Number of protein chains: 4
Amino acid sequence: MKTTPVADAVLKAALDLFASQGYATTSVQQIVEAAGVTKGAMYHYFQSKDDLLFAIYDRILTLQKRRLDEIVAQGGATLDVIRAVCVDVVETSIDLMPEGTVFFRSMHMLTPARNQEVTRRRREYHDEFAALVARAQAEGVVRTDVPRPVLIAHFYSDVHYLSYWYSPSGPESKTEVASQLADLFLRSITVEDG
Amino acid sequence: MKTTPVADAVLKAALDLFASQGYATTSVQQIVEAAGVTKGAMYHYFQSKDDLLFAIYDRILTLQKRRLDEIVAQGGATLDVIRAVCVDVVETSIDLMPEGTVFFRSMHMLTPARNQEVTRRRREYHDEFAALVARAQAEGVVRTDVPRPVLIAHFYSDVHYLSYWYSPSGPESKTEVASQLADLFLRSITVEDG
Amino acid sequence: MKTTPVADAVLKAALDLFASQGYATTSVQQIVEAAGVTKGAMYHYFQSKDDLLFAIYDRILTLQKRRLDEIVAQGGATLDVIRAVCVDVVETSIDLMPEGTVFFRSMHMLTPARNQEVTRRRREYHDEFAALVARAQAEGVVRTDVPRPVLIAHFYSDVHYLSYWYSPSGPESKTEVASQLADLFLRSITVEDG
Amino acid sequence: MKTTPVADAVLKAALDLFASQGYATTSVQQIVEAAGVTKGAMYHYFQSKDDLLFAIYDRILTLQKRRLDEIVAQGGATLDVIRAVCVDVVETSIDLMPEGTVFFRSMHMLTPARNQEVTRRRREYHDEFAALVARAQAEGVVRTDVPRPVLIAHFYSDVHYLSYWYSPSGPESKTEVASQLADLFLRSITVEDG
DNA sequence: AATGAATGAGAGTTCATTCAT
DNA sequence: AATGAATGAACTCTCATTCAT
């Protein structure tokens with residue numbers, strides 16, 4: 001993951017192509033041509049096409065986990081923390097839209113070992129978020145009549161679906177959408193007030 | 001798309017393999033072996049590998065559209081119709097889980113012409129559902145402070161995400177999950193009672 | 001190992017090229033060009049370049065083992081049997097000279113699994129021949145002052161070296177050389193008459 | 001071919017790898033890694049991978065020829081000289097076992113020019129040894145009923161085969177094996193006494 | 001209706017070697 | 001003396017599809 005002009009250009013080209021055409025449909029030849037380098041140069045920095053794919057997963061997993069840790073570390077009322085996480089993950093996902101597109105579409109193209117690593121790191125994220133929800137439930141502010149896995153899937157689903165409908169050039173701004181989706185999610189999981 | 005033992009076996013094998021390995025990673029050879037037929041026989045019924053993929057899209061689009069039409073035709077209070085649609089689409093998606101898995105992962109593998117057809121038919125579904133939401137908003141029972149596209153994306157997202165987390169052999173039954181997700185969705189979009 | 005015009009032509013071309021240039025230096029492209037077939041056709045019959053190499057080992061191992069079994073089965077005075085084996089293995093090795101050339105030069109290019117199989121089958125041959133020598137020693141007609149492994153290596157070495165010096169178009173005929181080498185070998189291992 | 005720490009380490013690594021994996025299967029990268037130097041450093045001392053291979057041939061040819069010359073120069077009864085050559089060549093070959101392994105397996109990987117040089121120098125050795133045998137035949141102590149090329153091939157074969165069966169860690173010591181093989185060879189070529 | 005041999009283009013990857021530094 | 005990035009050609013192998021039978 002060194003940063004050199006060649007490695008950067010290759011990674012950027014790979015990301016764009018994987019997002020628009022899919023991993024399997026993109027040839028190494030296309031990548032190096034788009035990056036303006038030779039195949040040999042690319043293989044000097046990356047051991048395989050799979051390396052390029054994994055770099056995308058690594059970037060998104062690393063970033064999202066760090067953001068989650070930071071928000072949780074800041075503390076506050078549990079519901080406020082959950083809302084902050086929700087807003088942040090939507091905004092970050094919009095910033096990393098091409099990565100997100102690849103993320104959910106191409107997981108089965110990773111080598112088994114790397115697929116396992118991705119799964120493990122996703123579970124870490126999942127467990128940390130689930131703990132937040134459990135705490136809110138213990139505090140009596142989040143409903144318990146729906147199984148927690150369903151609540152959490154309901155959270156992930158919005159993030160997941162972003163790359164299928166949201167366009168940065170569309171009418172809704174990133175900030176607005178993040179706030180709106182967070183609102184919809186919070187409304188659905190909190191206990192009714194009166 | 002006639003129904004013959006050979007064609008059926010091929011389609012079934014293709015569906016299973018596409019869902020578990022992805023379209024691009026599955027070879028025609030694997031499909032015909034899994035189906036217990038020869039390549040020649042397969043190419044007698046299907047013109048290309050792409051035909052097999054499209055058949056999956058066709059089946060799911062046809063079914064879901066028909067269900068939507070039926071439920072809308074039955075009439076009733078708008079919110080009840082929306083809830084019925086929501087419950088039904090979750091249940092149907094669980095019944096067609098392999099198809100759903102392929103649906104969201106492999107759309108970019110279709111030939112451009114067929115990709116357009118799929119997009120067109122999805123838009124038909126989308127427009128019909130959006131009309132329901134618009135009616136509910138006009139009736140004052142669904143909130144208008146969130147843009148309608150966001151509300152609708154919020155609906156689709158749960159359906160979309162199902163194949164990534166739900167397991168028929170897990171603790172939640174199809175019926176329960178459908179009801180729970182419908183409830184979460186409805187709660188988030190309806191106007192507060194007071 | 002089916003016999004078709006394509007498979008035969010490929011095997012023959014591979015044998016010639018492997019013998020003259022070595023396995024690693026011969027490309028699949030060269031083989032199919034020499035055989036007058038396409039790469040696809042070749043890969044229809046053989047799963048890998050390694051298959052072609054192994055076919056050579058298989059042929060020579062199968063043949064030599066069958067000949068040894070037959071000669072031993074015919075029975076006779078032990079020394080006569082040993083001499084017959086010796087004559088026959090030289091003649092057979094001359095008939096299979098290209099195979100022999102490849103045999104000793106390219107064993108380390110086989111996949112580990114196949115290398116093991118070759119080693120196992122060579123050991124079978126070795127053990128059967130060693131039993132003959134042991135019997136002759138027990139009968140007092142073969143010397144025991146030299147360790148049996150050395151006697152046997154001394155036998156194999158002539159066979160092994162054939163492809164490095166013998167030319168079918170040279171002055172010595174196959175039959176003559178076989179008889180002469182058998183004579184040299186027998187003279188060196190038998191006990192002196194007095 | 002200067003002697004520097006780098007050049008020595010490279011040559012040693014190359015020898016080990018060529019002997020265990022074969023020349024073609026060994027990459028320059030593997031060699032420099034095993035030697036603990038960089039590619040650039042290696043190419044500073046050697047012009048090509050072929051240089052490394054030829055160095056092995058050069059060492060063994062030079063040594064064996066010098067030993068033969070020395071032994072012949074010492075003089076003595078012809079049969080004693082032949083026996084001394086035979087003992088010495090076996091011992092030397094055991095000392096240079098990795099070189100010997102490479103020698104017989106990789107001759108066809110040398111560039112044509114160097115292959116010719118190796119062939120020429122082998123012939124020099126061959127001719128000198130053949131002259132010894134001819135002298136012994138003229139003296140009536142070596143049989144003439146077997147063509148001289150066959151006698152000589154019978155000599156070379158044992159040397160050649162050593163790397164295929166002898167293990168320095170096995171039961172037979174270098175000295176013993178050398179004496180035993182010399183004995184077998186001499187017994188086979190000398191005229192019967194009584 | 002069905003076979004399976006054959007095609008030919010293109011896939012990912014390796015590698016000895018060069019060269020600016 | 002030594003680095004290591006970069007080259008470019010060649011490598012083995014795969015695959016959707018065709019076609020004579």
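Treat the numbers as computed from the prediction; the structure is a model and nothing was measured. Chain naming here is simple, since letters A, B, ... match the order of the sequence lines and numbering starts at 1 in each.
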Next item on the list: Check the surroundings of atom CD in C/Gln30: do more than 12 heavy atoms from other residues, nucleotides or ligands lie under 6.0 Å from it?
Entry: yes
Notebook entry, point to check: Once you round it to whole Å, what is the distance between P of E/dA11 and OH of A/Tyr23?
Noted result: 13 Å
Margin query: Give me the atom names and distance for the closest heavy-atom approach of D/Ala34 to D/Leu17.
Written below: CB-CD1, 4.1 Å
Next item on the list: Using atom CD of A/Gln29 as one end and atom C1' of E/dT13 as the other, report the distance to the nearest whole Å.
Entry: 12 Å
Item checked: Any D/Thr38 side-chain N or O less than 4.0 Å from OP1/OP2 of F/dA2 -> no
Next item on the list: For the side chain of A/Val28, starting at C-beta, report the closest nucleotide among F/dA2, E/dA6, E/dG12.
Entry: E/dG12
Next item on the list: List the atom of C/Lys39, the atom of C/Val32, and the distance in Å for their closest heavy-atom pair.
Entry: CA-CG1, 3.9 Å
Next item on the list: Name the nucleic acid region contacted by D/Thr25, choosing base, sugar-phosphate or nothing; use a 4.0 angstrom heavy-atom cut-off, strictly under.
Entry: nothing
Note to self: I'd like to know if the side chain of C/Tyr23 and the backbone of C/Met107 have a donor-acceptor N/O pair within less than 3.5 Å.
What the structure shows: no
Notebook entry, point to check: What is the distance, rounded to the nearest whole Å, between atom CE of B/Met109 and atom C1' of F/dA16?
Noted result: 13 Å
Check: When the distance from CD of D/Glu33 to P of F/dG4 is rounded to whole Å, what number comes out?
Finding: 12 Å
Check: Roughly how many Å is it from CD in A/Gln21 to P in E/dA11, rounded to a whole number?
Finding: 11 Å
Check: Can you tell me if the side-chain N/O atoms of A/Tyr45 get under 4.0 Å from OP1 or OP2 in F/dA6?
Finding: yes
Notebook entry, point to check: Can you check whether D/Lys39 has a side-chain N or O nearer than 4.0 Å to OP1 or OP2 of F/dG4?
Noted result: no
Note to self: Output the rounded distance in Å from CE (D/Met42) to P (E/dC19).
What the structure shows: 16 Å
Check: In whole angstrom, what separates A/Gln47's CD from E/dC15's P?
Finding: 13 Å
Item checked: Toward the 5' end of DNA chain F, by each residue's nearest nucleotide, D/Val6 or C/Gln30 -> D/Val6
Notebook entry, point to check: For DNA chain F, which ranges pair as stems of 3 or more consecutive Watson-Crick or G-U pairs, with both donor-acceptor distances under 3.5 Å?
Noted result: E:2-21 with F:2-21
Next item on the list: Using whole Å, report how far CG of B/Leu17 lies from P of F/dA16.
Entry: 12 Å
Check: residues 96-105 of chain A side-chain donor-acceptor pairs under 3.5 Å, at least two apart:
{"from": "A/Glu99", "atom 1": "OE2", "to": "A/Arg59", "atom 2": "NH1", "distance (Å)": "2.6"}
{"from": "A/Thr101", "atom 1": "OG1", "to": "A/Met97", "atom 2": "O", "distance (Å)": "2.9"}
{"from": "A/Arg105", "atom 1": "NH1", "to": "A/Ala19", "atom 2": "O", "distance (Å)": "3.4"}

Item checked: Pairwise side-chain contact, A/Asn115 with A/Thr119, heavy-atom cut-off 4.5 Å (strictly under) -> yes
Next item on the list: Report yes if at least one side-chain N or O of C/Ser27 is closer than 4.0 Å to OP1 or OP2 of F/dC11; otherwise report no.
Entry: yes
Next item on the list: Check the pair C/Ser27, C/Lys49 against side-chain contact (heavy atoms from CB on, under 4.5 Å), reporting the backbone distance first and the verdict last.
Entry: CA-CA 9 Å; C/Ser27 72; C/Lys49 188 184 170 191; over 6 Å; no
Check: Of A/Ala41 and C/Asp50, whose closest DNA chain F nucleotide lies nearer the 5' terminus?
Finding: A/Ala41
Check: Considering only side-chain heavy atoms of D/Lys49, which listed nucleotide, F/dA6, F/dG4, E/dA16, is closest?
Finding: E/dA16
